[in-house]
> 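Sharing a structure with you now.
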Amino acid sequence: MNILGIYGSPREKGNSEVILDEVLRGVKESGASIKKVYVRELKMSGCRECGGCNKTGRCVVQDDMQKIYPLFEEADVIILSSPIFFYGISSQAKAIVDRAQAMWSKKVLIKPRDQWKNHDSGTGYLIAVGATKGKSLFEGVQLVARYFYDALDMDYGGGLFYKGLERKNAVLNNSEILKEAYAFGQRIVMGT
Ligand SMILES: Cc1cc2nc3c(=O)[nH]c(=O)nc-3n(C[C@H](O)[C@H](O)[C@H](O)COP(=O)(O)O)c2cc1C
């Protein structure tokens, strides 16, 4: 099983990164293989809405996103991790999501319409962390994740969502979250 972890925070060793590290530790120790992408290291733009992918299913913008498309293709599972920024995911992570428009174009070119929702390319998950405790804190990002994975022809499998974590190292004081993250990684591989 190939698992791709996308680290969506601009903050190195921040809360969403520590949690994804724990999830991937559980994944690895359960025998799956892992690739990691750190969005803060990528030099790329958002989607230009140029329509360049409409006829070929390929993005025409030549930047670091071109390295990510093959990782999408080979992954059985994708785990996107992001801080909550203004009730959304980080702008760096959103750029990757928007550039998945080329994958959507590819899907609709290749598949008949009645198979667009088959989601037979695997499962995607979301990890999100916010500082406040608002009731709707994770509503927007879950919709983003659902339709990101739909573009990749993947099911959205839910994820891990934590409120009240603000300082960079806040999650390190919460062994329950770290334990839950590790177990979540194991469950992803075991398929339970
Ligand atoms: C630009 C910006 C916007 C933020 N917006 C929100 C928000 O809307 N709601 C919230 O609960 N926390 C918000 N936060 C706090 C972060 O989500 C929080 O500190 C989180 O733990 C950061 O995760 P990270 O360490 O993985 O980057 C914001 C932080 C920044 C820098």
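Computed from a prediction, not measured in an experiment: that's the story for all the values here. Both backbone and side-chain heavy atoms feed into the values below; hydrogens, waters and symmetry mates do not. Counting starts at 1 for both ligands and their atoms, in listed order.
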> What protein heavy atom lies closest to atom 4 (C) of ligand 1? Include the residue and the distance to one decimal.
Ile84 O, 3.4 Å
> Suppose we screen for salt bridge (charged side-chain N to carboxylate O under 4.0 Å, His left out). Which residues come up paired with Glu22, at least two apart in sequence or across chains?
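In terms of salt bridge (charged side-chain N to carboxylate O under 4.0 Å, His left out), with neighbours along the sequence ignored, Glu22 is linked to Arg25.
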> In the protein, which heavy atom is nearest to atom 18 (C) of ligand 1, and how far is it?
Leu165 O, 3.4 Å
> Which one of Phe86, Tyr162, Phe138, Tyr87 has a non-hydrogen atom at the shortest distance from atom 5 (N) of ligand 1?
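Closest candidate by heavy-atom distance is Phe86.
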> Go through the side-chain N and O atoms of Tyr162 and Glu180 and say whether any donor and acceptor fall under 3.5 Å apart.
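There is such a pair between these side chains.
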> Within the 4.0 Å heavy-atom shell around Leu137, which atoms of ligand 1 are there?
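With Leu137 as reference, the close atoms of ligand 1 come out as 9 (N), 10 (C), 11 (O).
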> Report the nearest protein non-hydrogen atom to atom 19 (O) of ligand 1: residue, atom name, distance rounded to 0.1 Å.
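Ranked first by proximity to atom 19 (O) of ligand 1 is Glu166 O, 3.1 Å.
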> Note the single closest protein heavy atom to atom 26 (O) of ligand 1, along with its residue, its atom name and the distance in Å.
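For atom 26 (O) of ligand 1, the nearest protein heavy atom comes out as Ser16 OG, 2.6 Å.
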> Return the closest protein heavy atom for atom 27 (O) of ligand 1 as residue, atom name and distance.
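Sorting protein heavy atoms by distance from atom 27 (O) of ligand 1 puts Ser9 OG, 2.6 Å first.
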> If the contact criterion is a heavy-atom separation under 4.0 Å, does Lys168 count as touching ligand 1?
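Contact check Lys168 vs ligand 1: negative.
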> Starting from atom 23 (O) of ligand 1, find the nearest protein heavy-atom neighbour and note its residue, name and distance.
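Of every protein heavy atom, Pro83 CB, 3.3 Å lies nearest to atom 23 (O) of ligand 1.
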> Sequence neighbours excluded, which residues qualify as ring-ring contact (aromatic ring centres under 6.0 Å, His included) partners of Phe138?
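With sequence neighbours excluded, Phe138 shows a ring-ring contact (aromatic ring centres under 6.0 Å, His included) to Phe161, given in chain and number order.
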> Tell me yes or no: between the side chains of Tyr38 and Glu17, is some donor less than 3.5 Å from an acceptor?
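Note: Tyr38 and Glu17 side chains miss the donor-acceptor criterion.
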> I'd like to check which ligand 1 atoms, numbered from 1 as shown, lie under 4.0 Å from a non-hydrogen atom of Gly14.
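With Gly14 as reference, the close atoms of ligand 1 come out as 25 (O), 26 (O).
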> Among protein heavy atoms, which lies nearest atom 31 (C) of ligand 1, and at what distance?
Phe85 CE2, 3.6 Å
> Do the two ring centres, one from Tyr125 and one from Tyr149, sit under 6.0 Å apart?
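No - the distance between ring centres of Tyr125 and Tyr149 does not fall below the 6.0 Å cut-off.
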> What do you reckon, is OH of Tyr87 surrounded by more than 12 foreign heavy atoms closer than 6.0 Å?
yes
> Could you please spell out the steps behind the salt bridge (Lys or Arg N to Asp or Glu O under 4.0 Å) verdict for Asp98 and Arg48?
CA-CA 9 Å; Asp98 290 353; Arg48 293 185 191 165; over 6 Å; no
> Got the closest protein heavy atom to atom 15 (C) of ligand 1, with its distance?
Ala131 CB, 3.7 Å
> Taking all atoms of both residues into account, what is the closest heavy-atom pair of Val141 and Gly88, and its distance?
CG1-C, 3.4 Å
> Going by the atom numbers of ligand 1, which of them fall below 4.0 Å from some non-hydrogen atom of Val129?
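Those atoms are 17 (O), 20 (C), 21 (O).
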> Under the side chain to side chain contact (heavy atoms under 4.5 Å, CB included) test against Val129, which residue among Val171, Leu165, Ile177, Leu20 passes?
Leu165
